[in-house]
Each structure stands twice: as C-alpha cells, then as structure tokens.
Amino acid sequence: MSNLFYQSRQPRPFLDRGEGIYLYDVDGKRYIDGSSGAMVSNIGHSNPRVLAAMQAQMARATFGYRLHFRTEPSEALATKTASLMPEGLDRVFFVSGGSEAVESAIKLARQYALTQGQGSRWKVISRFPSYHGCTLGALALTGYDPLARPFDPMMRDMPKIAAPTTYLDRDNLTEAERGLKYAELLRDEILAQGPDSVLAFIMEPVGGASTGALVAPDSYYGRIREICDEFGILLIYDEVMTGAGRTGKFLAAEHWGITPDIVALSKGFAAGYAPLGAMVARGDIVEAVLDAGGFLHGFTYAGNPLACAAGLAVIDEIERAGLVENAARMGAVLKARLEGLMVRYPFIGDVRGLGLLLAFEMVSDRETMEPLPPSLNAHSRLVDLAYERGLIIYSRRTRGGITGDHFMIAPPLIITEAQIDEMMALLTDALDAFALEAGLAVAA
Ligand SMILES: Cc1ncc(COP(=O)(O)O)c(C=O)c1O
C-alpha cells in the first residue's frame, strides 16, 4: 500500500536510472524504452550536456515569476522555438505540459475572435478518435470515450468529425480521393454547426495514442487548410507528440508544407528533462489580443527558467546530434522491420506512422479489419509480456477506446540500427508468447 496513486493499482518496479535508450530498475533489470515513456524522451535518458546546462541554470536561479522578471533561458528558448516554426508563427507562450498548451491555444483563439468582433465563434471542431489532454477544456476536444464520457455533464460538448482512418475503408477510391473525402467532413460539419459559430479546428497531424500513429493521405492536409481559410476558422496543430523531431521533421506540419495558425508543443520539446510545453501562435493573433487588453490566461510556472534551460539544451542536442534526420532514417528502418512482422503474425493488420512515431494494430481478420475479441485484452497482455522481457511499449484501444488493440513503437530518436535489432528480438519473443497464450496462429 502506497500513499501515492495514479490511474490504477498496477504495480511497477522502482526506477533506478536511465542511460540513452535504456532504463534500469533498482534490481538492476534493464528495459529498452521502446515508447520513450509516453513518446517523451526523444533524446534519450541522462544526456550529460542537458544535465550540465540544467545544473548551470540551477546554480543561478530555479524560479523567477514572469510578472517580476524576464529570464534569459525563456527569452532564448522563445527565440529558438520561433526560428524552427513555419513563417509567421513567431510568438511563444510557455506552459508546463501538453494539456496546458492545448487549453492555451483554444483560449487565445477565442480572445482573438472577440478582438475581431466575432463573439459568436466558440466551437472548436476536433476529430474522433483523438487525444488532446485531460483537463476539462482539452478533454472536451478529445475523442476517446472511456476518458471523456464520465465527465460529459461537466464539459461543453464540442463537435467531432471522423479521423481519416482510410486503412479501414473498403471502397474503390484512390488514397488521394479518400483524403479529400475525409477533409470534406470538416466542411460539412462547419456548415451543419453554422460557420459563424465555429472558432477553430484542432488536429494531431500524425495521430498519437488514440489512433496509433494515424497518418492521413497527403491530399487531406492542404484541403483542411483551405477549408479553414474559406470560413475564417483558425487551424490548430496539436504537435504535443509529433513536434520536436519525432516524425522526421521538427514539426510534422513540414511534411505537407502546412502553416497552422497555432501550434501546441510539449513532450519531446524538453524530452522529459523538465515539465515544459509551449503554444506558438501567429504574431498578428497575439498582437490583436495584447492590444485589446491582454491574454487572460497564464500558469504560475510559465517560463520557469530551469525548465526553459532544459528545453534549450534539448533543442541544441537535437541539432548537434542530427536527431531529426536520425528519426527519419531509423524510422524507415524500424517501419520496414515492423511490416516484416506481418508475415509471421497474421493477426497484425496494419503498420503505420511517420519517422519514429510508429504503431501496429492487431485484428482478427485482415480483410474486414475486425478487431480481436476484447476479452483477449491484447492491448494490455502484449505490453506486460514485453515488459517482462525488458521492452517497454505503449498501447491503447484503437476504435474510440472501446475495441481494437494498437501498440506504439516510438523509441528515443538516438536509437541505432543495432538497438533496433535488439528491440525487435524482444518484441518478436513477446508476440510469440502472446500468440501462444491467445491461441492465435503464427506462420512458421
Ligand atoms: C497530442 C497530444 N495532445 C495533448 C496531450 C496532453 O499532454 P499532457 O499529458 O502533457 O497534458 C497529449 C498527451 O499524450 C498528446 O499526445
């Protein structure tokens, strides 16, 4: 019995230390961090350059309240972050995590609408499934029933459109046509809601834990931008998981040349060295809000100098070690290895993702993409079997959190090809054990 509690009673060993892609428990057992925690530890654990930068900042000051002082790390990190964004996204607002970044984005969007004389706009359309955070504002945008439904009476319902799950579609359309078909759902929803009531559309450019690294057809991204422009609706990219190099570009938006109006960052942004996130917005949006009296929003720890020193050192390390490029290169290697698993395991129905944000989904029938029976509890069993073998992976139920089983494979961006081999050996062993236990056929 512990005084500490989180979501469940699941017992886990005490962490001793981390080193690169590895974590060690207090009994000396080694684990490959195959999901970078919750897709956080992008530069690996215990990076000496980041630790040294944090120690140097700690010796000067660990806190300076933003209404009393500017701090060098927060100014420098804002400048650096703006330099990595698409043209025009140059104003940075610091927070301590992803949910806070999303809350900040929708509140800035709302205040901007007010400055434009558009007080009727308040609805933020999002996708189903999706994940945008656990605070009530971000949860209202989240399309994941088990997490959201119990809180319905406490939230303002926000409209959802279907996420572009084209891998499930059995039609005669090309991928490009499917992308456009899913994008048109946004247009339909805006018209159904009344364009004057819609404030913004928020999307994860590559899906995270709720969909298992879902990537839309290329045609989707540009069309979504056009639709938002047609109705004067702000486009918010939730890059909390995809940002900071995870998909093989600093922002996933770069894959399609999209400039969103607001971006939410966290996770890999400080890579677990400090709780940090950011909302980055178009300069004219921020100026309009500041001119009208100021942004009515802020968190006590915003711009914490220690967290910002960590964030700055993490970005330096991403650039020094070429980790964005490594994510693209190793992502391609790892994706091919995961696709190779489909030969041996007929119950793997899809492998998807971009860079080192990858996932595979289990099904009972590849033709119909029918999920495995929920009673097999595949999403938790395979994670446990891998954990026993010293491999950490991350899973969720795929279809809105109710059925389906997918597994995120998202190691730190520093991973080497030899370490991918090591990871795949453990994963194959765990999959064999799962197939045996679940009575699922395996090819010889
Ligand atoms: C896309 C996305 N947005 C927001 C969040 C919420 O971030 P946090 O848990 O740091 O509040 C997450 C976390 O998983 C996420 O993946």
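In listed order, ligands and their atoms are each counted from 1. For the numbers below, each heavy atom of this structure counts, side chains included, while hydrogens, waters and symmetry mates do not. Every value quoted in this text rests on a predicted model; they were computed, and no experiment measured them.
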Protein residue, atom and distance nearest to [atom], heavy-atom basis:
atom                    : result
atom 13 (C) of ligand 1 : Lys267 CE, 3.1 Å
atom 7 (O) of ligand 1  : Gly98 CA, 3.2 Å
atom 11 (O) of ligand 1 : Ser99 OG, 2.6 Å
atom 16 (O) of ligand 1 : Met241 CE, 3.4 Å

Please tell me if the side chains of Phe93 and Val286 come closer than 4.5 Å, counting only heavy atoms from C-beta onward.
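Side-chain contact under 4.5 Å: no.
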Roughly how far, to the nearest 0.5 Å, is [atom2] of [Y] from [atom1] of [X]?
X      : Y      : atom1 : atom2 : value
Leu84  : Thr79  : CG    : OG1   : 11.0 Å
Ser35  : Ile409 : OG    : CD1   : 8.0 Å
Leu265 : Met85  : CG    : CE    : 5.0 Å
Ile32  : Ile393 : CD1   : CD1   : 11.5 Å

Do any nitrogen or oxygen atoms of Glu204 come within less than 3.5 Å of a nitrogen or oxygen of ligand 1?
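For ligand 1, there is no N or O atom that lies under 3.5 Å from one belonging to Glu204.
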Between Gln118 and Arg121, does a side chain to side chain donor-acceptor pair (under 3.5 Å) hold up when you go through it step by step?
CA-CA 6 Å; Gln118 299 183 342; Arg121 291 188 188 266; 2.9 Å; yes
Can you check which of Thr135, Leu276, Val102, Asp238 brings a heavy atom nearest to atom 3 (N) of ligand 1?
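It is Asp238 whose heavy atom sits nearest to atom 3 (N) of ligand 1.
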Just which atoms of ligand 1 are under 4.0 Å from any heavy atom in Gly133?
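Under 4.0 Å from Gly133, ligand 1 has these atoms: 4 (C), 6 (C).
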